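What you are looking at is a predicted structure, and each value in this text was computed from that prediction instead of being measured.
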2 protein chains.
Amino acid sequence: MPSSGSRKRISESTIHRLSLYYRTLSLLEKENYETVSSKELAKREKLTPAQVRKDLSFFGSFGTRGLGYNVNELKSKIESILGINRDWKVALIGVGNIGSALVSYKEFAKQGFHIVKLFDNDQRKIGSNHKGITVSDIKDLDMEVKEANITMVILAVPATVAQYIVDDVVKAGVTAILNFAPINLRVPPFVHLRNENMSMELEYLSFAMVNNHAPKKSK
Amino acid sequence: MPSSGSRKRISESTIHRLSLYYRTLSLLEKENYETVSSKELAKREKLTPAQVRKDLSFFGSFGTRGLGYNVNELKSKIESILGINRDWKVALIGVGNIGSALVSYKEFAKQGFHIVKLFDNDQRKIGSNHKGITVSDIKDLDMEVKEANITMVILAVPATVAQYIVDDVVKAGVTAILNFAPINLRVPPFVHLRNENMSMELEYLSFAMVNNHAPKKSK
DNA sequence: ACTGCCATGTGAAATGGTTCACAAGAAGTA
DNA sequence: TACTTCTTGTGAACCATTTCACATGGCAGT
């Protein structure tokens, strides 16, 4: 009984898996599948059918017993759960290595995340053009973010300045931040912060190689 | 002491947190701290002291009761647990948007991951130079990877071709892959695969905004 | 040496997440 | 209508991770 207020906490892993389901459903749609079972969905993302069904069950009953899920319908349900059934205007701060790669990264736009503003503090970059967007001076951040009604920001600046910029960004009314700097940022409780730490995964690989794999012990 | 056979499975989260501790310890080192308590370490990464101690306890007893951990010593312990107390030679495949950003990404080198080979299939890119490395033809992958004794690869190619390349890469003897393509890749059980899915975190933010955080929207 | 204080290391308890197992619904067939 | 097959949705069981709580050991001051 999903009473409108009783919001059970949904785990992070469940949300991440919704992203995977969404990705697979998009593919299935292209392959002209009408329906898909939890079994097939699971297979395509190396999960278990029970996991798939449980994840979806947190949000409702989207399937038909004996048949599976309608691909189009489930896709659009997940879109609306994830909030990607709309367009998000995103500002990207820091047009360096990573930053300029992200401007051209097509996956973001595909999911409705549109980078509409670029900021940097480097005079040589300010005024230059990336994919049709002119880089603004970070000093104008407050004004421009408010004016464009932007609530989501991608942060691709050096770790040393990240906290200062976050503080400004929050003051400008942003409530969602995707941070690429390898540092733990402080934000007020009403601001959503996620970190993308690319070294972390390399380190995991390194760990796996050195430990798991290593000189195969007789077990 | 170094548990040779009794290999308890260490959770992914623990390993990820080791990366965080490592990062903080590097910082503390620069700030000339001699020792650090689990409390301080926890505070700096928004974790609990018990969590920190438990994580470390899987690998040994590195602290001193009443005092805490020696910064230098703990840092080097974690380095060796993560396997980053050595240099890794890494090949990067796909010199597009993301790929060319990663060549210049300094964090990798800082942790001992050195990109030493670049591959692409685009004639216009082959032969060109990125940060002192010449882009090779992907057709020479097998030969060059074997010759350079490379076991770790970063994959920054389009999803459509990722699986084919992975198959080749595995044949060439690579056993660790960091994949940036938004697709679920098949690898043999002895190959370590990690995925970096940047849209996923944006989707999480979007979810958080739409659900957790109430309608503050008045357009 | 004694005392007070502090912070680790770790079993045990609590919490959270995943898998199991099965009742029940839907569609097709006779 | 009755029967078969298929697959969902979901409590309950199971397993993993996190947190608790405290005995233990080290250090400093007297």
Rounded to the nearest angstrom, tell me the gap between atom CD1 in B/Ile10 and atom C1' in D/dA16.
-> 13 Å
Return yes when atom NZ of A/Lys46 has more than 12 non-hydrogen atoms of other residues, nucleotides or ligands closer than 6.0 Å, and no otherwise.
-> yes
Rounded to whole Å, CD of B/Glu73 lies from P of C/dT8 at a distance of 13 Å
Spacing of B/Lys39 atom NZ relative to C/dT8 atom P, expressed in whole Å | 10 Å
Of all heavy-atom pairs between B/Ile98 and A/Tyr105, which one has the smallest distance, and what is that distance?
-> CD1-CD1, 3.7 Å
Could you say whether A/Gly66 or A/Arg17 is positioned toward the 5' end of DNA chain C, judged by the nucleotide with the nearest heavy atom to each?
-> A/Arg17
Parallel under 30°, tilted from 30 to 60°, perpendicular over 60°: which one fits the rings of B/Tyr204 and A/His16?
-> tilted
Starting at CG of B/Asn70 and ending at P of C/dA7, how long is that distance when rounded to a whole Å?
-> 16 Å
Interatomic distance where CG belongs to A/Leu74 and C1' belongs to D/dT7 [whole Å] | 14 Å
Does a side-chain N or O from B/Gln51 land closer than 4.0 Å to OP1 or OP2 of D/dT19, or not?
-> yes
Atom-to-atom span, NZ of A/Lys77 to C1' of D/dT8 - whole angstrom | 16 Å
Between A/Glu12 and B/Ser37, whichever has its closest DNA chain C nucleotide further toward 5' is B/Ser37
In terms of side-chain heavy atoms of B/Ser38, which of D/dG9, C/dT8, C/dT18 is nearest?
-> C/dT8
Against the side chain of A/Lys54, the closest entry in D/dT7, D/dA12, C/dG11 is D/dA12
Considering only heavy side-chain atoms of A/Ser11, the closest of C/dG17, C/dA27, C/dT19 is C/dG17
Which nucleotide in D/dG9, C/dA7, C/dG9 has an atom nearest any side-chain atom of B/Ser57 = C/dG9
Nearest listed nucleotide, side chain of A/Tyr69, among D/dT19, C/dA26, D/dG9 = D/dG9
Tell me: CZ of A/Phe62 to C1' of C/dA26, nearest whole Å?
-> 19 Å
Check: A/Arg65 side chain, D/dT7 base, donor-acceptor under 3.5 Å = no
The side chain of A/Arg53 lies closest to which of these nucleotides: C/dA21, C/dT19, C/dG9?
-> C/dA21
Here the distance between atom C1' of C/dG9 and atom CG of B/Asp55, to the nearest Å, is 13 Å
Has B/Arg53 got its NZ or CZ under 6.0 Å from the middle of the six-membered ring of B/Phe58, at an angle within 45 degrees of the ring axis?
-> no
Rounded to the nearest 0.5 Å, how far apart are CG of A/Asn72 and NZ of A/Lys77?
-> 13.0 Å
